[in-house]
Amino acid sequence: MERPGPSEVTGSDASGPDPQLAVTMGFTGFGKKARTFDLEAMFEQTRRTAVERSRKTLEAREKEEEMNREKELRRQNEDIEPTSSGSNVVRDCSKSSPRDTSSSESEETSDSSDDELIGPPLPLKMVEEPVSHMEEEIIGPLPPPPFEEVEEDDDDDGDSEEEDNPVQKIPDSHEITLKHGTKTVSALGLDPSGARLVTGGYDYDVKFWDFAGMDASFKAFRSLQPCECHQIKSLQYSNTGDMILVVSGSSQAKVIDRDGFEVMECIKGDQYIVDMANTKGHTAMLHTGSWHPKIKGEFMTCSNDATVRTWEVENPRKQRSVFKPRTMQGKKVIPTTCTYSRDGNLIAAACQNGSIQIWDRNLTVSQGHLSPLFLEENHLIKTNIMLKYYEGQFPEFSPNLNFSVS
């Protein structure tokens, strides 16, 4: 049996069902033929539609531009029309004037034409009104005084500000600026001999400055953080200048030597004990501290736990004495600053309720409301105050006595 060639198969497919396929396979065909697509014709149709759309959009844009141009021309014509009408009015006025004018009048008109402003003519109201009347009327506020008088007033103000500035009154011959850091400087301490300065701030750093060994860079020769992550609140040299009292935001004060090495650290008290006299140290944040003016190695601190405590450098494990400020009703009050008297026999503390309470230094435990030296005012006495005393003794205050604190 001979097989048909490819030309015969295509001819049978094109004419209809294949009889030979029916004899061999038992059916006449495979159903509908697959649909064929002409890609070149599709691409050509797509290109034509794109070109047509772009042409329409360009025509629409051109129409919009033409409309905008027409609108602008109309606006310009409308602006020109009132100006031309105003010029016609001026011309009519000039025509209505008498014709028997002399040569002088013609010269004046020629001069006026030369002096005319460049641009559109003035409105009718301004043309009709006389110039002298317009000059007499002043619209707006009065003009300022002459420039020289203003400068004199500014000079007077500058002089008054300089007189009120207390820094200008300091009789200094030389001045330098020491750069501690980027944050607030909250504590300063000057050596009794004036050779060294110690500074502390909110950046927890304590820096040492030596004026004798300082070069033109004005840099500190040592920097340290004695209280770790606590802000420095007070720095004070001892009377001999060999130790520095460091008071920070913690509950433990420290004493360092003049080179920055630690000498002692106060012990921390038990915060769960109610009576603060029974604890060995402070239990809350410190405010300030002060050295004894006569006795070497003795200092005191005041804290947010409503106590003032005295310490000895040789005995850091326990305070020497405790003083508890109290109100007239016997309630606790927080001391914000404390100091010794000049002879060192009395201790004074300024409290948050505006009172100044004074105790005898030799007492071990004392409460403020038992002391006869008690003063209370209706204002808040803040830190770093300086108590005025006379001949080394604090005067005895009565509750109704007025006093000054500077």
Side-chain angles (χ1 to χ4, degrees), residues 151-227 231-248 255-260 287-294 296 299 336-344 348 350 379-392 403-406:
E151 286 185 350
E152 292 178 358
D153 295 339
D154 295 338
D155 295 338
D156 295 339
D157 295 339
D159 296 338
S160 61
E161 290 179 358
E162 292 180 357
E163 292 177 357
D164 296 338
N165 190 3
V167 179
Q168 301 295 333
K169 298 180 180 180
I170 298 176
D172 57 343
S173 60
H174 298 79
E175 181 180 351
I176 61 172
T177 301
L178 303 178
K179 183 69 174 178
H180 174 84
T182 58
K183 295 187 178 180
T184 304
V185 179
S186 55
L188 290 173
L190 186 63
D191 182 56
S193 62
R196 285 190 177 184
L197 176 71
V198 61
T199 61
Y202 283 5
D203 54 359
Y204 322 132
D205 290 339
V206 174
K207 294 189 177 182
F208 294 82
W209 313 80
D210 189 2
F211 297 114
M214 188 179 294
D215 56 5
S217 62
F218 302 121
K219 291 184 179 180
F221 73 90
R222 184 160 298 164
S223 177
L224 52 93
Q225 293 184 354
C227 302
Q231 297 175 355
I232 307 301
K233 292 196 169 184
S234 176
L235 295 170
Q236 186 178 4
Y237 274 93
S238 61
N239 295 331
T240 56
D242 58 344
M243 291 182 292
I244 302 172
L245 174 61
V246 181
V247 177
S248 65
V255 177
I256 57 177
D257 60 8
R258 60 184 292 107
D259 293 326
H287 286 291
T288 187
S290 178
W291 288 99
H292 194 282
K294 302 290 185 181
K296 180 181 178 180
F299 62 93
T336 57
T337 188
C338 56
T339 186
Y340 283 98
S341 62
R342 184 173 296 178
D343 58 0
H379 63 278
L380 180 64
I381 300 176
K382 296 185 178 180
T383 57
N384 299 328
I385 67 170
M386 184 170 59
L387 302 175
K388 293 184 178 180
Y389 44 86
Y390 180 74
E391 293 181 354
F403 73 105
S404 63
V405 178
S406 61

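In this text, all values refer to a predicted model and were calculated from it rather than measured experimentally.
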Could you give the distance from CG (N239) to NZ (K294), rounded to the nearest 0.5 Å? 8.5 Å
Taking every heavy atom of P192 against every heavy atom of G241, the minimum-distance pair comes out as CD-CA, 3.8 Å
Minimum heavy-atom distance between G201 and S186, given as atom pair plus value: CA-OG, 3.5 Å
Contact summary for Y204 and Q231, nearest pair of heavy atoms: CD2-N, 3.8 Å
Mind checking what makes side chain to side chain contact (heavy atoms under 4.5 Å, CB included) contact with D191, not counting sequence neighbours? S193, A195, R196, Y237, R258
Here the pair of heavy atoms bringing C227 nearest to S248 is SG-OG, 3.4 Å
To the closest 0.5 Å, what do you measure between CG (L224) and CG (D205)? 8.0 Å
So do the side chains of Q236 and S290 get within less than 4.5 Å of each other, counting heavy atoms only? yes
Heavy-atom pair of closest approach, residues F208 and I256: CZ-CD1, 3.8 Å
M243 and W291, any side-chain heavy atoms less than 4.5 Å apart: yes
Judged by atom type as modelled, is there a donor-acceptor pair below 3.5 Å linking the side chain of T337 to the main-chain atoms of A350? no
In Å and rounded to the nearest 0.5 Å, what is the CG to CZ distance from L197 to F211? 4.5 Å
Distance col, row D210:CG vs D215:CG, nearest 0.5 angstrom, shows 11.0 Å
Nearest 0.5 angstrom please: W209 CH2 to K219 NZ, how far? 10.0 Å
Please determine whether side chain to side chain contact (heavy atoms under 4.5 Å, CB included) holds for the pair T288 and C338, giving the CA-CA distance in whole Å, both sets of side-chain angles, and the decisive distance to 0.1 Å. CA-CA 7 Å; T288 187; C338 56; 4.1 Å; yes
Residue pair V206 / I244, side-chain heavy-atom distance below 4.5 Å: no
Decide yes or no for T182 and D203: does some side-chain heavy atom of the first lie under 4.5 Å from some side-chain heavy atom of the second? no
Using atom types as modelled and distance alone, determine if a side-chain donor or acceptor of K207 lies under 3.5 Å from a backbone N or O of H180. yes
Quick one: do D242 and K296 make a salt bridge, cutoff under 4.0 Å? yes
At their closest point, which heavy atom of H292 faces which heavy atom of D343, and how far apart are they? CE1-O, 4.4 Å
